[in-house]
J.: 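If you scroll down you'll find the structure; I have some questions about it.
Chain identifiers are assigned alphabetically (A, B, ...) following the order of the sequence lines, protein sequences preceding nucleic acid strands; residue numbering begins at 1 within each chain.
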Protein chains: 2
Amino acid sequence: MYFTLYMSIDKKEHIMEVAVALFAEKGYEGTSIRDLAHEADVNIAMINYYFGSKEKLFVALLENKARFMRERIDAVQSDPSLNELEKINQIIDGYVDRFLSQPAFHRVLQQELLVSNRELLHQNVIALFTKNTQDVVSIIEKGVRKKIFRKVDSQLLFASIIGTINQVMLSRSMCNILLKNEPGTNPYQDPALKKRITQHIKQMVQDHLLIHPALQKQK
Amino acid sequence: MYFTLYMSIDKKEHIMEVAVALFAEKGYEGTSIRDLAHEADVNIAMINYYFGSKEKLFVALLENKARFMRERIDAVQSDPSLNELEKINQIIDGYVDRFLSQPAFHRVLQQELLVSNRELLHQNVIALFTKNTQDVVSIIEKGVRKKIFRKVDSQLLFASIIGTINQVMLSRSMCNILLKNEPGTNPYQDPALKKRITQHIKQMVQDHLLIHPALQKQK
DNA sequence: TTGAATTAAACAAACGTTTAATTAATTTTT
DNA sequence: AAAAATTAATTAAACGTTTGTTTAATTCAA
């Protein structure tokens with residue numbers, strides 16, 4: 001339950017904030033309008049009044065959050081001052097930063113990828129990922145053509161980068177077990193985790209990509 | 001809808017087969033007993049008659065399928081004829097094989113990790129992964145101590161291995177986009193995919209782990 | 001004839017959504 | 001600037017479905 005302070009600022013956005021938290025925890029089907037209304041401290045009818053329906057609330061939520069996801073890769077990709085490895089490294093930074101700073105929203109996206117019940121939403125979420133995938137893969141392949149990189153499976157390497165982060169984000173308690181944290185703690189609030197993940201992924205990707213890693217590392 | 005042929009063989013198992021397929025597609029909350037009964041071509045009351053409740057059906061389903069997941073890693077871990085890299089490679093084979101051969105069940109597990117609504121089920125699924133995690137991590141760390149491997153982040157490397165497979169398994173249509181397949185096809189039925197995934201992961205892990213990869217690869 | 005398997009029907013509870021009435025805010029008219 | 005008219009926001013209650021589950025009757029097998 002939140003304070004009424006929030007409502008006076010922007011009620012619609014307040015509802016969306018509560019919704020993303022609840023959807024992340026209980027899933028879309030597992031969250032009822034009544035739960036949501038109670039948690040956001042608004043009348044049940046207000047959700048349909050503002051958004052039209054539960055599903056439209058979900059779509060509004062996606063569109064609201066998804067905008068922030070694109071920018072950085074676009075900027076990195078078209079930067080001529082970066083070589084391919086530097087681009088990949090910056091993209092890794094970007095993904096880790098994005099995913100870890102919005103764990104609830106990330107969880108909602110993953111759920112929607114995993115469940116293909118609501119076909120329209122499913123396709124919406126997939127469209128979000130498609131362009132990013134193509135961009136990153138083409139950067140790797142350019143590096144391969146330039147003989148900076150070894151001949152690798154660029155598509156699956158992208159899967160490894162994203163998949164590593166997703167694996168850590170999959171479940172709070174599984175993450176704690178993996179990292180041998182105290183059970184019950186929120187691992188995503190630990191600032192050291194972000195650094196640790198980026199370092200691991202960058203090192204692994206570099207080892208995999210570079211033809212002479214020992215030489216490159218000295219620079 | 002299935003033929004009644006199945007029912008005469010083992011009705012209970014038939015229901016579980018249909019259930020895992022439906023849960024995988026629509027999620028646990030998104031699948032109703034009526035859907036399930038209709039799809040399995042049994043009376044609605046039969047599901048509670050056999051399993052007691054929807055949630056107990058879910059647990060029965062987990063317990064039934066989960067047994068198969070442990071064996072191989074146990075066998076590999078205690079095999080003295082294998083060095084650490086060979087053990088890791090065999091474990092990669094094992095995971096890819098398991099995950100890709102049972103995509104529906106895998107999907108159900110992932111959903112339950114992602115949603116912490118039903119706390120008991122959630123903890124059950126996490127327990128499944130815990131021992132495997134510890135085993136694999138300790139194999140990597142043994143290799144590091146023996147100076148066969150570089151000093152790596154063993155826990156996150158395990159996350160990368162599992163995460164790569166999970167990423168491919170996340171969504172059929174996203175997998176098709178990633179691999180540039182024809183949309184609508186079932187990528188997990190392609191036997192070449194399994195080989196491709198294992199090759200990529202093994203190569204990436206090896207590049208990351210081995211101190212002198214060029215030397216090692218010649219043997 | 002006894003017990004298990006199967007059925008259609010009904011159960012209460014919860015679901016997303018809508019309604020109709022009321023209050024609050026804004027705009028228009030005087 | 002005050003009063004009136006209009007629109008927007010908010011509410012409690014009810015809507016019709018669907019949910020998981022149970023009942024009581026019936027069929028089937030041993």
J.: With each end axis built from five pairs of C1' atoms, what bend angle do you get for the helix from C/dT1-D/dA30 to C/dT30-D/dA1? Round to 10°.
T.: 10°

J.: Under the salt bridge (charged side-chain N to carboxylate O under 4.0 Å, His left out) rule, what pairs show up with a residue in residues 153-166 of chain A, not counting sequence neighbours?
T.: A/D153-B/R196

J.: Quick one: does NZ or CZ of B/K56 land under 6.0 Å from the six-membered ring centre of B/Y50, within 45 degrees of the ring axis?
T.: no

J.: Once you round to the nearest 0.5 Å, how far does CD1 of B/I161 lie from CE of B/M204?
T.: 7.5 Å

J.: Pick one: which of A/E55, A/Q123, A/E112 meets side chain to side chain donor-acceptor pair (under 3.5 Å) with A/R118?
T.: A/E112

J.: So does B/K54 have more than 12 non-hydrogen atoms from other groups sitting under 6.0 Å from NZ?
T.: yes

J.: Separation of A/N43 atom CG from C/dA21 atom C1', in whole Å?
T.: 13 Å

J.: How long is the line joining NZ of A/K11 and P of C/dA24, in whole Å?
T.: 12 Å

J.: When the distance from CD of A/E55 to C1' of C/dT17 is rounded to whole Å, what number comes out?
T.: 14 Å

J.: To the nearest Å, how far apart are B/M46 CE and C/dA4 C1'?
T.: 10 Å

J.: May I ask you to evaluate whether B/Y49 reaches the phosphate of C/dA5, defined as a side-chain N or O under 4.0 Å from OP1 or OP2?
T.: yes

J.: Take atom NZ in A/K194; do more than 12 heavy atoms of anything else shown fall under 6.0 Å from it?
T.: yes

J.: Once you round it to whole Å, what is the distance between C1' of C/dT17 and CG of A/L36?
T.: 14 Å

J.: Tell me what B/Y50 touches on the nucleic acid: a base, only sugar-phosphate, or nothing, going by heavy atoms under 4.0 Å.
T.: sugar-phosphate

J.: What is the distance from CZ of B/F51 to P of C/dT6, rounded to the nearest Å?
T.: 12 Å

J.: Once you round it to whole Å, what is the distance between C1' of D/dA8 and NZ of A/K12?
T.: 14 Å

J.: The criterion is side chain to side chain contact (heavy atoms under 4.5 Å, CB included); which residues satisfy it with A/A19, sequence neighbours excluded?
T.: A/F23, A/L36, A/L57, A/L61

J.: Using the salt bridge (charged side-chain N to carboxylate O under 4.0 Å, His left out) rule, collect all pairs that involve residues 171-182 of chain A, keeping only residues at least two apart or in two chains.
T.: none

J.: What ring-ring contact (aromatic ring centres under 6.0 Å, His included) pairs are there with at least one residue in residues 169-205 of chain A, not counting sequence neighbours?
T.: A/H200-B/H208

J.: Tell me: CD1 of A/I47 to P of C/dC15, nearest whole Å?
T.: 12 Å

J.: Between the protein and nucleotides 18-20 of chain D, which nitrogen or oxygen pairs are less than 3.5 angstrom apart?
T.:
| residue | atom | partner | partner atom | Å |
| --- | --- | --- | --- | --- |
| D/dG20 | OP1 | B/T31 | O | 3.3 |
| D/dG20 | OP1 | B/K54 | NZ | 2.7 |
| D/dG20 | OP2 | B/I33 | N | 2.8 |
| D/dG20 | N7 | B/R34 | NH1 | 2.8 |
| D/dG20 | O6 | B/R34 | NH2 | 2.7 |

